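Convention: sequence-line order gives letters A, B, ...; per-chain numbering from 1. This one's a predicted model, so the numbers in the text were calculated from it and none came from an experiment.
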Protein chains: 2
Amino acid sequence: MQKSRPTPRTDDRTAQTAGTPPARGRGRPRAFDREAALTQATRLFWTKGYEATSIADLTEAMGIGSPSLYAAFGSKEALYVEALNHYRKSHEGLVWGRFFTADTAREAVMGLLMDSAAALTGCRGDIPRGCMVTLSAVGSEGHAELGEVVRSARASAVDILTERMARAVAEGEIPASVDLHALARFVQTVQAGMSILARDGAERAELEAVAEVAMLGWDARVGGRPAP
Amino acid sequence: MQKSRPTPRTDDRTAQTAGTPPARGRGRPRAFDREAALTQATRLFWTKGYEATSIADLTEAMGIGSPSLYAAFGSKEALYVEALNHYRKSHEGLVWGRFFTADTAREAVMGLLMDSAAALTGCRGDIPRGCMVTLSAVGSEGHAELGEVVRSARASAVDILTERMARAVAEGEIPASVDLHALARFVQTVQAGMSILARDGAERAELEAVAEVAMLGWDARVGGRPAP
DNA sequence: CTGTTTTTGTATCGATCGACACAGAAAGGC
DNA sequence: GCCTTTCTGTGTCGATCGATACAAAAACAG
């Protein structure tokens with residue numbers, strides 16, 4: 001029933017999902033920078049959310065016509081998924097960078113919360129306030145599939161935290177008696193709350209002070225500061 | 001220029017803003033329960049947010065026609081404001097109840113976080129998960145006026161927390177050296193984060209464990225548990 | 001009863017929503 | 001050169017958005 005043509009509906013040649021190299025096609029070349037357009041779309045979804053961002057908003061910000069948008073990204077939902085992935089690749093490092101290079105779990109969590117305080121308040125370049133993943137309510141807006149995407153993205157945070165703490169237990173930094181899941185949930189809660197305060201205009205110093213109090217809770221739970 | 005008639009556009013007779021008693025009017029009586037309809041509208045805005053909730057959704061849930069909605073509430077924005085006030089009056093007590101009756105600031109904050117863990121996960125009757133005020137992103141959706149309403153509602157939390165802690169300082173429960181604003185921001189952050197975790201399906205026990213760790217941070221900052 | 005006032009249901013308004021048809025334009029393949 | 005392929009700009013599709021016009025219906029005032 002399907003046409004003989006392989007129906008290359010949306011263009012993923014430059015998308016990160018394509019395994020093939022740039023592969024300059026045969027037809028008329030694209031007149032806009034796909035990456036730059038995706039960056040603009042990401043910023044728009046980030047600040048306004050999925051429902052409140054219209055195709056007209058997107059085409060204006062991206063500087064292209066709607067047919068170009070649909071040819072390059074497929075649909076509004078597909079564009080949102082790509083924008084979300086683009087966000088994670090280009091901005092999550094600002095928050096999780098020190099986490100993965102720290103020598104101890106305490107330094108990792110401390111770095112995560114401190115970098116969150118800076119990045120979420122827009123102190124790491126000209127970026128919107130708050131985390132796009134944390135603040136996305138697309139799941140409650142009637143888009144179940146998109147909601148599951150962002151929900152799983154949020155869930156990955158607690159997994160990463162738990163894994164790092166489990167390693168800390170194996171290395172003797174954290175006693176085996178500590179409830180790692182509760183501790184990970186605590187850190188996740190503080191970081192999520194930071195996004196809401198940041199969007200309401202909280203200062204970086206305020207969130208850093210919050211992070212310090214949170215680390216006092218960490219120390220009390222883990223059982224005293226690690227050896228200096 | 002305005003008509004001689006006082007133009008009683010929207011009907012606030014039964015609204016909480018009216019100072020006059022029920023005042024059964026002269027014309028055809030309203031066929032629906034304004035309070036019940038407002039409750040349904042509140043639930044819808046609560047779960048789906050402002051943008052994603054359409055007039056058609058509202059009229060269906062409220063069981064009325066759109067002219068009745070506009071005659072009784074004025075507009076979608078006005079209805080949202082009323083729904084927000086209705087929410088605060090009917091649901092915020094679930095979270096702030098023990099806070100105002102506690103003898104110490106520590107018990108107040110502990111009660112706030114513990115009751116939040118229960119209420120935000122829907123364990124206080126059949127209510128949506130998460131806080132309507134905390135999770136509202138209407139300000140980022142392009143509605144500046146509504147955004148300011150919810151933003152100020154969120155800001156009131158930190159004010160209440162700070163006031164209570166100042167009282168605790170005056171009563172000797174908290175040393176004067178403690179940064180009350182930072183402590184209030186910390187509690188606000190944890191409570192805000194709880195709403196996000198709750199909407200993603202976190203269990204009540206998980207959030208209670210988070211609250212316990214948060215209280216460890218409180219104790220470390222305030223300087224040891226109060227005398228038993 | 002008649003007149004006034006207010007609500008109700010139906011039907012609809014212009015604007016905007018996401019998405020696409022179509023033809024012209026710009027490239028490579030031959 | 002011509003053919004195929006792909007992208008771009010204009011225009012527009014049906015659906016839905018928030019918000020009303022209108023007249024019938026239901027109450028009170030006299």
Round to a whole Å and report the spacing from [atom1] of [X] to [atom2] of [N].
{"X": "B:Arg26", "N": "C:dT4", "atom1": "CZ", "atom2": "C1'", "result": "5 Å"}
{"X": "B:Ile64", "N": "D:dA19", "atom1": "CD1", "atom2": "C1'", "result": "14 Å"}
{"X": "B:Tyr80", "N": "D:dC17", "atom1": "OH", "atom2": "P", "result": "18 Å"}
{"X": "A:Met62", "N": "D:dG9", "atom1": "CE", "atom2": "P", "result": "13 Å"}
{"X": "A:Leu69", "N": "D:dG9", "atom1": "CG", "atom2": "C1'", "result": "14 Å"}

For a quick check under 3.5 Å, do [X] and [Y] share a side-chain donor-acceptor pair by atom type?
{"X": "A:Asp159", "Y": "A:Ser156", "result": "no"}
{"X": "B:His181", "Y": "B:Thr162", "result": "no"}
{"X": "A:Tyr80", "Y": "A:Ser136", "result": "yes"}

- Check whether any side-chain heavy atom of A:Ile160 sits under 4.5 Å from a side-chain heavy atom of A:Phe100, and report yes or no. yes
- Assign a letter to each nucleotide of nucleotides 13-18 of chain C from its 5' end: B, base within under 4.0 Å of a protein heavy atom; S, sugar-phosphate only; -, no contact. ----SS
- Counting N and O atoms only, with roles assigned by atom type, does the side chain of B:Arg199 sit under 3.5 Å from a partner on the main chain of B:Arg129, one being a donor and the other an acceptor? yes
- Query: Where the side chain of A:Arg30 is defined as all heavy atoms beyond and including C-beta, which of C:dT8, D:dT8, D:dT5 is the nearest nucleotide?
  - Reply: D:dT8
Taking only N/O atoms, report every protein-nucleotides 21-25 of chain D pair under 3.5 Å with atom names and distance.
| from | atom 1 | to | atom 2 | distance (Å) |
| --- | --- | --- | --- | --- |
| D:dA25 | N3 | B:Arg28 | NH1 | 3.2 |

- Message: Judged by each residue's nearest nucleotide on DNA chain C, which is more toward the 5′ side, B:Phe32 or B:Ser66?
- Response: B:Phe32
- First locate atom CE of A:Met110, then atom CZ of A:Arg98, and finally report the distance between them rounded to the nearest 0.5 Å. 8.0 Å
- How far does CD of B:Glu60 sit from CD of B:Gln40, to the nearest 0.5 angstrom? 11.0 Å
- Would you say A:Ser68 reaches D:dT8's phosphate, i.e. side-chain N/O to OP1/OP2 under 4.0 Å? yes
- Task: Could you note down all residue pairs passing ring-ring contact (aromatic ring centres under 6.0 Å, His included) where residues 132-154 of chain A supplies at least one of them, sequence neighbours left out?
- Result: A:Tyr50-A:His143
- Message: Testing B:Arg154, B:Arg151, B:Arg185 one by one against A:Asp200 for a salt bridge (charged side-chain N to carboxylate O under 4.0 Å, His left out), which residue passes?
- Response: B:Arg154
